[in-house]
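A short worksheet on the structure shown next.
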Amino acid sequence: MQAKILCVEDDPGILTLQLTLLQRLGYQTLAASNGLEAFDLILQERPDAVVLDVMLPGCDGFTLAHKIRRTEEIKSTPVAFVSAKSDLGDYRQGFRCGGQVYLSKPFTAKALQVAVESLLHQDRSRPAPVKKTAAALSSRQRLF
């Protein structure tokens, strides 16, 4: 069984890169381009982890993470922030509202891979990805 990862990103190019990378690593992926759509998808699909941008239309990532933590049926969903907001206050806010990982943009393909793996390994009962190596990824190693 493949782990299901929801990527929430309003930039179509970045979203496509995240989805492609995670699919090549063997994950099943879901996508949302705003916080409200993402919350509905989390409730419906119950992803194994969420990769979440901070600056989103409708509901920003920090607010969404806080909402996830306050909703009983999804409160244990692991969250990784991926954002251009990268000062110390942003990191603090990300962790305070329930994120377990915080990556700054631009980030490497390997950093995204490690972030998702670390989210999934926090709960050993979650399904592992189909094994693929980083070599199976495209030569483009920088994501935006």
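The model shown is predicted, which means the values in this text are computed figures rather than measured ones.
Using a distance-only test at 3.5 Å, with no hydrogens or angles considered, no donor-acceptor pair links the side chain of E73 to the main chain of L43.
In this structure, Y27 and D48 have side chains that are not in contact, with every pair of non-hydrogen atoms separated by 4.5 Å or more. Between Y102 and V54, the closest side-chain pair of non-hydrogen atoms falls below 4.5 Å. In this structure, the side chains of C59 and N34 stay at 4.5 Å or more apart for every pair of heavy atoms. Looking at heavy atoms from C-beta onward, E45 lies out of side-chain contact with L6 at the 4.5 angstrom threshold. Within the 4.5 Å cutoff, side-chain heavy atoms of L19 are placed close to those of L15. The shortest distance between side-chain heavy atoms of R69 and V79 falls below 4.5 Å. Between M55 and D10 the shortest side-chain heavy-atom distance does not fall below 4.5 Å.
A distance of 11.0 Å separates CD in E37 from CG in L64, rounded to the nearest 0.5 Å. I68 contributes atom CD1, which lies 3.5 Å from atom CD1 of I42 (distance to the nearest 0.5 angstrom). Between the CG atom of L52 and the CG atom of L103 there is a distance of 12.0 Å, given to the nearest 0.5 Å. The distance from atom CG of L25 to atom OG1 of T20, rounded to the nearest 0.5 Å, is 11.0 Å. Separation of atoms CG (L22) and CD (Q113) is listed at 9.0 Å; rounding is to 0.5 Å.
The salt bridge (Lys or Arg N to Asp or Glu O under 4.0 Å) analysis of residues 76-97, with sequence neighbours excluded, yields the pairs K85-D90. Sorted by first and then second residue, the salt bridge (Lys or Arg N to Asp or Glu O under 4.0 Å) pairs involving residues 51-67 (not counting sequence neighbours) are D53-K105.
Ring to ring, F81 and Y91 are not that close: their centroids are 6.0 angstrom or more apart.
Linking ILVMFWY side-chain heavy atoms closer than 4.5 Å, directly or via other members, places V82 and L56 in two distinct hydrophobic clusters. Cluster membership check: V8 shares its hydrophobic cluster with F95, using side-chain heavy-atom separations under 4.5 Å among Ile, Leu, Val, Met, Phe, Trp and Tyr. I5 and F107 fall within the same hydrophobic cluster, defined by Ile, Leu, Val, Met, Phe, Trp and Tyr side-chain heavy atoms under 4.5 Å apart, directly or through other members. Note on I74: it does not cluster hydrophobically with L119, by side-chain heavy-atom contacts below 4.5 Å among ILVMFWY residues. The hydrophobic clustering, which links ILVMFWY residues whose side-chain heavy atoms are closer than 4.5 Å, places F39 and L30 together.
For the pair C7 and Q18, the tightest heavy-atom approach, listed with the atom from each and the gap, is CB-OE1, 3.7 Å. Nearest approach of L120 to A3, heavy atoms of both residues: CD1-CB, 3.7 Å. Scanning both residues, A32 and L41, for their nearest heavy atoms gives CB-CD1, 4.0 Å.
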